[in-house]
2 protein chains.
Amino acid sequence: MLISEASIRSGLSADTIRYYEKSGIVPAIDRGADGLRRFSPENVEWLTLLYWLRKTGMSMKDMQCFAALYREGGRTVSERKALLLGHAETLKRKRADLDRCEEVLAEKLAIYDKLEGKHP
Amino acid sequence: MLISEASIRSGLSADTIRYYEKSGIVPAIDRGADGLRRFSPENVEWLTLLYWLRKTGMSMKDMQCFAALYREGGRTVSERKALLLGHAETLKRKRADLDRCEEVLAEKLAIYDKLEGKHP
DNA sequence: CCCTTGACCTGGAGTTGCTCCAGGGAGCTA
DNA sequence: TAGCTCCCTGGAGCAACTCCAGGTCAAGGG
């Protein structure tokens, strides 16, 4: 499939996909005779994973590391597992941040409610 | 208090605080006779709020908007409320992203577990 | 009294991770 | 044959910091 479809399916913009390919976190995508990229379902699956990792705050550097391990093959499975488990910890911390922010917002909103009561 | 203490208390780096002041999302901070910034507890409270808003993804533009409303005084309370409620919605969406990412990670990890079982 | 140390100042360059754009080609269709 | 759409590349621009050079001032030690 072409880049536009890969973009829709993965969630990444076409520009971002090309940028990721340049950066080496996506393997060099096969080209058709016309020079256009042809994405395989595996390519799209990889892009989708990257989409979620990036969306939840993994750095390019870590994704590059992950991609490098992936390229090395089955020998690196446990390292990749560790990396993903590390990211799962990050998710926990992010959730705690959201919780705390929600509290802060609730306090502020309570104050604003009182102010509105006074100046209606 | 000096900027280092304001930094510790708010969570923002000194550089970021100065940058925010330049950008107008923090009011011009009073200076002592020595030319150094002196932060009031109110300043720190504001910085702390900004810290949480920023940390959970509010853009500078929105924070500038919020700051502008704040400067206009009590007349804008309901607009500020709306802005914070909007951000609370953002938090919900972010939490959904974390949930989805966790699912994706769980799938990948399950696959890796199987692979490890085969090549122990 | 002088000198070092440390916290702060400003202005500006560098970084990350995109995003947009100019300029150009290939294929379809009317 | 022109117009349309989709793709390509290289490079500029942007957000939100972060770091650094070069300078000021106050306090403390020798």
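In what follows, every chain begins at residue 1, and chains take the letters A, B, ... in the order their sequences are listed.
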Check B:R80, B:E79, B:E72 against B:T76 for a side chain to side chain donor-acceptor pair (under 3.5 Å) and give me the one that passes.
B:R80
What side-chain donor-acceptor pairs closer than 3.5 Å can you find for residues 86-96 of chain B, not counting sequence neighbours?
| residue | atom | partner | partner atom | Å |
| --- | --- | --- | --- | --- |
| B:H87 | NE2 | B:T56 | OG1 | 2.8 |
| B:T90 | OG1 | B:G86 | O | 3.3 |
| B:R95 | NH2 | A:D99 | OD1 | 2.7 |

Output a table of nitrogen or oxygen pairs between the protein and nucleotides 4-9 of chain C separated by less than 3.5 Å.
| residue | atom | partner | partner atom | Å |
| --- | --- | --- | --- | --- |
| C:dC8 | OP1 | B:S4 | N | 3.1 |
| C:dC8 | OP1 | B:S4 | OG | 2.6 |
| C:dC9 | OP1 | B:R37 | N | 3.1 |
| C:dC9 | OP1 | B:R37 | NH1 | 2.7 |
| C:dC9 | OP2 | B:R18 | NH1 | 2.4 |
| C:dC9 | OP2 | B:R37 | NH1 | 3.4 |
| C:dC9 | O5' | B:R37 | NH1 | 3.4 |
| C:dC9 | O3' | B:R31 | NH1 | 3.4 |

Same cluster for [X] and [Y] if Ile/Leu/Val/Met/Phe/Trp/Tyr side chains link at under 4.5 Å?
{"X": "B:I8", "Y": "B:V26", "result": "no"}
{"X": "A:Y20", "Y": "A:L2", "result": "no"}
{"X": "A:L36", "Y": "A:I3", "result": "no"}

Measure all distances between protein nitrogen or oxygen atoms and nitrogen or oxygen atoms of nucleotides 17-19 of chain C, and list the pairs falling under 3.5 Å.
| residue | atom | partner | partner atom | Å |
| --- | --- | --- | --- | --- |
| C:dG17 | OP1 | A:M60 | N | 3.1 |
| C:dC18 | OP2 | A:Y20 | OH | 2.5 |
| C:dC18 | OP2 | A:R54 | NE | 2.7 |
| C:dT19 | OP2 | A:T16 | OG1 | 3.3 |

Quick one: do A:R100 and A:D97 make a salt bridge, cutoff under 4.0 Å?
no
For the side chain of B:D113 and the backbone of B:A110, is there at least one donor-acceptor N/O pair under 3.5 Å apart?
no
Please assess A:K55 against B:C101 for the test side-chain contact (heavy atoms from CB on, under 4.5 Å), listing each intermediate value before the final yes or no.
CA-CA 9 Å; A:K55 184 159 200 178; B:C101 185; over 6 Å; no
Side chain to side chain donor-acceptor pair (under 3.5 Å) partners of residues 5-14 of chain B, not counting sequence neighbours, each pair once
B:E5-B:R9, B:S13-B:T16
Output all residues satisfying ring-ring contact (aromatic ring centres under 6.0 Å, His included) with A:W46, sequence neighbours left out; order by chain, then residue number.
A:F66, A:Y70
What range of DNA chain D does chain A touch, first nucleotide to last, counting atoms under 4.0 Å from its heavy atoms?
D:dC7 to D:dT9
